Amino acid sequence: MMRRMADGAIPYADDESIGDVVVGTEALQARIAELGAEITRDYAGRAPLLVGVLKGAFLFMADLARQIDLPVEFDFMAVSSYGNATKSSGVVRIVKDLDLDLTGRDVLIVEDIIDSGLTLAYLRKNLLARNPSSVEVCALLVRDGLQKTELDLRYVGFAIPPDFVVGYGLDVAERYRNLPYIASYLG
Ligand code: IMP
Ligand code: MG
């Protein structure tokens with residue numbers, strides 16, 4: 001049965017699997033505005049191609065793009081490294097490839113979260129092989145302790161603790177992507 005949300009209510013308000021807020025709505029939007037301004041400055045005079053990694057990055061991509069004052073273009077790729085489990089299988093598979101040719105393009109990979117870095121390492125190598133002008137990464141979240149320089153992350157939103165998180169695009173078995181903030185997942 002459909003439960004109607006009261007005005008001002010948020011999804012999953014009564015869900016006991018959702019723990020503490022890790023990054024709230026306002027903090028997300030404020031940081032995304034900063035990232036957008038930085039990208040606007042760095043890519044001045046160019047038309048970067050934002051490559052969103054589905055499905056987790058879809059909300060971040062939408063909000064970030066509206067903070068970039070440049071004629072950006074969009075493409076999407078879907079990769080699978082997790083299945084429905086909450087730990088990395090180490091196997092990355094392309095589920096949906098890009099539509100556009102990357103030759104000569106300034107590619108900006110937009111990712112939801114860098115955990116082990118396996119997915120990103122695979123993606124970067126794969127995209128670099130398609131003759132782009134440049135490939136950079138904008139990740140909303142990275143795990144605390146991950147070496148930002150080793151992973152070569154040009155733009156990072158927030159470093160977060162090791163707890164599994166959901167919301168703002170991030171899921172557990174496809175659930176919780178529409179939670180409007182990042183929260184820990186209690187299971
Ligand atoms: P990595 O290959 O270990 O870096 O995993 C990256 C991918 O795993 C992300 O794009 C997410 O889809 C997923 N992932 C990693 N940690 C979390 C989490 O805390 N919540 C939801 N998804 C996660
Ligand atoms: Mg996922």
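We count ligands from 1, going down the list as the structure has it; atoms in each ligand are counted the same way. The model shown is predicted, which means the values in this text are computed figures rather than measured ones.
Ligand 1 has a nitrogen or oxygen under 3.5 angstrom from a nitrogen or oxygen of Gly117.
Gly56 does not count as a contact of ligand 1, since none of its heavy atoms falls under 4.0 Å from the ligand. Residue contact check for ligand 1: Val165 places a non-hydrogen atom closer than 4.0 Å to it. At least one heavy atom of Ile113 sits closer than 4.0 Å to an atom of ligand 1. At least one heavy atom of Asp171 lies less than 4.0 angstrom from ligand 1. Within the 4.0 Å heavy-atom cutoff, Lys55 does not count among the residues contacting ligand 1.
Side chains of Gln29 and Asp63 form a contact here, defined as non-hydrogen atoms less than 4.5 Å apart. Side-chain atoms of Tyr155 and Asp42, non-hydrogen and from C-beta on, do get closer than 4.5 Å to each other. Proximity of Val95 to Val79: side-chain heavy atoms (C-beta onward) are nowhere separated by under 4.5 Å.
Close approach of ligand 1 to Arg143 is summarised as follows: ligand atoms under 4.0 Å from at least one heavy atom of the residue are 16 (N), 17 (C), 18 (C), 19 (O). Listed by number with element, the atoms of ligand 1 under 4.0 Å from a non-hydrogen atom of Thr119 are 1 (P), 2 (O), 5 (O), 6 (C). The contact set between ligand 1 and Leu118, taken as ligand atoms under 4.0 Å from a residue heavy atom, comprises 2 (O), 4 (O). Against a heavy-atom cut-off of under 4.0 Å, Ser116 is close to the following atoms of ligand 1: 1 (P), 2 (O), 3 (O), 4 (O). Residue contact check: Glu111 has heavy atoms under 4.0 Å from atoms 10 (O) of ligand 1. Every atom of ligand 1 is numbered from 1 in the order shown, and the set under 4.0 Å from a heavy atom of Asp112 is 9 (C), 10 (O), 11 (C), 12 (O).
With sequence neighbours left out, Asp144 forms a salt bridge (Lys or Arg N to Asp or Glu O under 4.0 Å) with no residue at all. Scored by the ring pair (Phe, Tyr, Trp, His ring centres under 6.0 Å) test, Tyr43 finds no partners at all (sequence neighbours excluded).
For Tyr12 and Tyr176, the distance between ring centers is under 6.0 angstrom.
Looking at Arg143, its side chain does come within 3.5 Å of a backbone N or O of Pro161 through a donor-acceptor pair.
For Asp106 and Ser134, the side-chain atoms include at least one donor-acceptor pair closer than 3.5 Å.
One option in Phe164, Tyr122, Tyr185 has a heavy atom closer to atom 18 (C) of ligand 1 than any other, and that option is Phe164.
Surrounding CG of Asp69 are at most 12 heavy atoms belonging to other residues, nucleotides or ligands under 6.0 Å away.
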